[in-house]
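First the proteins, then the strands, lettered A, B, ... as listed; each starts at 1. No experiment lies behind these values; they were computed from the predicted model shown.
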Protein chains: 2
Amino acid sequence: MNITDQIYSADSANQDRAQAIRDNLRDAIVDRRLAPGTKLSEGEVGTLFNVSRTVARAALQMLSFEGLVRTERNRGAFVANPSTEEARQVFASRRLIEPGIATAACERVTAADIVAFRAQLDEEGRFIAERGPRARRSEIKASGDFHLLLASLAGNAILQRFMEELVARSSLVIALYGRSGVSACGHSEHTGIVGALESGDSGLVSRLMLHHIDHIEADLDLRVRAGPALREALNF
Amino acid sequence: MNITDQIYSADSANQDRAQAIRDNLRDAIVDRRLAPGTKLSEGEVGTLFNVSRTVARAALQMLSFEGLVRTERNRGAFVANPSTEEARQVFASRRLIEPGIATAACERVTAADIVAFRAQLDEEGRFIAERGPRARRSEIKASGDFHLLLASLAGNAILQRFMEELVARSSLVIALYGRSGVSACGHSEHTGIVGALESGDSGLVSRLMLHHIDHIEADLDLRVRAGPALREALNF
DNA sequence: TTGGCAAAAATCGTATGCAATCTTTTTTGG
DNA sequence: CCAAAAAAGATTGCATACGATTTTTGCCAA
């Protein structure tokens with residue numbers, strides 16, 4: 001089981017079908033099974049999940065609030081294709097929020113949490129060792145789940161939701177602009193953060209997290225390329 | 001309090017109608033024309049704004065994402081009634097985010113922005129001078145607008161949206177738990193922040209903002225009272 | 001009066017239909 | 001043969017309909 005399953009199961013279990021569809025689509029987007037720019041028509045989503053357009057539409061609306069889907073009036077919904085500027089804003093937001101979350105988590109972490117972190121790290125390591133695009137996607141997801149696990153420990157539901165959005169969008173950004181070299185490095189940084197958490201040094205945890213975010217962003221290629229206008233025009 | 005106190009303008013010009021309704025309802029909630037716990041039935045909202053339940057429902061869904069409305073399955077939507085714990089989380093989030101926003105804004109602020117801030121401060125001052133509940137509501141709103149104006153200068157659309165949500169929820173919290181004494185004090189702090197912005201000292205701006213948030217929260221009465229279970233049971 | 005139960009009313013969740021808008025294909029004029 | 005106009009097709013925006021669930025009402029007995 002992975003983290004997001006844990007986080008959302010309580011919601012989607014007895015709640016709306018729209019929420020279940022949203023979770024399903026979000027996983028697909030974060031996993032890159034749905035490429036940026038892919039059209040998500042209400043009818044198609046509806047038939048795929050055996051619901052009416054009404055329910056499919058609600059799910060797409062939720063994803064659009066989270067920034068994972070962009071909707072255009074009378075045209076439909078598309079998997080988001082974040083610009084380099086958006087990518088920068090995502091990471092600027094994370095730099096602001098996540099060190100604070102790490103500090104808060106450090107002050108509330110329990111031995112059981114550390115065990116969960118170790119398991120999470122093991123899973124990450126497994127995917128890094130594997131080859132192939134399937135493992136690559138699982139690796140991105142597992143890496144995001146690490147940050148979500150930390151956020152869930154901070155004891156602040158609002159910040160946790162913000163982080164869910166930011167992590168999901170980060171996955172999109174990394175899939176689009178990542179230069180792929182950093183995986184093992186990121187993993188070792190995660191390991192370091194868990195170690196600092198265990199030692200209870202909240203200042204260190206916060207600093208490590210900040211550096212980690214910087215490293216992730218530094219691995220991106222955020223130079224302006226072929227012009228976003230062209231990308232847009234080609235509906236990518 | 002009743003929804004029908006609501007005034008609505010017929011301009012659904014180029015935007016989505018659901019969005020216009022959401023904005024209208026949000027203003028009403030933030031202004032406290034709609035009290036926490038008030039039921040917002042889809043049918044009633046729909047007839048009030050001359051739209052079908054479909055559109056009204058979409059608007060309510062948006063507000064529920066923002067945390068201003070709580071929806072219960074098969075029961076309906078209600079204006080949120082944040083608990084003291086939620087109130088603490090709102091302010092913890094603001095303490096994390098807003099000093100950073102202030103720093104970013106300080107580095108991008110222009111002379112024209114300063115003029116806009118002065119105008120905003122003047123408006124605040126006017127409402128503080130006035131008496132009566134109408135002025136009190138306008139005062140809360142104007143105070144929130146100050147923070148939103150600052151957020152808009154930070155140049156980060158994601159953080160700006162987070163702040164919009166946090167400021168709106170703060171208004172609810174202040175309306176519920178505020179002890180009311182702090183208005184003039186908050187105004188003077190706003191003035192101080194603008195002054196620091198003008199001087200370009202981003203460290204000072206950040207520190208003033210942090211203190212300001214602390215003062216706002218300190219003015220709240222967040223002791224656990226008559227038991228949130230009772231409040232919930234009474235649907236307040 | 002109070003408590004409990006069943007019918008009625010209200011409200012929500014969802015599917016479906018129609019008009020408006022956008023996209024693609026076909027037709028027409030040069 | 002190509003460009004522009006027109007028609008056909010697809011998709012969304014919105015309203016409405018109907019079953020399901022909840023809440024209220026009315027009634028009777030304790």
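A side-chain donor-acceptor contact under 3.5 Å links Asn156(B) to the backbone of Leu159(B). Using a distance-only test at 3.5 Å, with no hydrogens or angles considered, no donor-acceptor pair links the side chain of Arg169(A) to the main chain of Phe91(A).
Checking Ser170(B) against Arg94(B) by side-chain atom types alone, a donor-acceptor pair falls below 3.5 Å.
Atom NZ in Lys39(A) sits roughly 12 Å away from atom P in dA10(D) (whole-Å rounding). As a whole-Å value, the separation of Arg57(B) CZ from dT16(D) C1' is 15 Å. Look at CD on Glu72(A): it is 13 Å from C1' on dT11(D), rounded to the nearest Å. The interatomic distance linking Arg17(B) (CZ) with dA15(D) (C1') rounds to 9 Å, in whole Å.
With hydrogens and angles ignored, no donor-acceptor pair closer than 3.5 Å exists between the side chain of Ser41(A) and the base of dT12(D).
Toward the 5′ end of DNA chain C lies the nearest nucleotide of Gly43(B), the other residue of the pair Ser52(A) and Gly43(B) mapping further downstream. In terms of position on DNA chain C, the residue among Thr54(A) and Asn74(A) whose nearest nucleotide sits closer to the 5' end is Thr54(A).
Using a 4.5 Å heavy-atom cutoff, the side chains of Leu222(B) and Glu217(B) are in contact.
Note on ring orientation: taking the six-membered ring where Trp is involved, the planes of His190(A) and Phe146(A) are parallel (angle under 30°, cut-offs 30° and 60°).
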Q: Could you go through the side-chain contact (heavy atoms from CB on, under 4.5 Å) check for Val30(B) and Asp27(B) one step at a time?
A: CA-CA 5 Å; Val30(B) 168; Asp27(B) 275 3; 5.6 Å; no
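A sub-4.0 Å separation between OP1 or OP2 of dT23(D) and a side-chain N or O of Arg75(B) is present.
In the 5' to 3' direction, nucleotides of DNA chain C lying under 4.0 Å from heavy atoms of chain B begin and end at dT11(C) to dT14(C).
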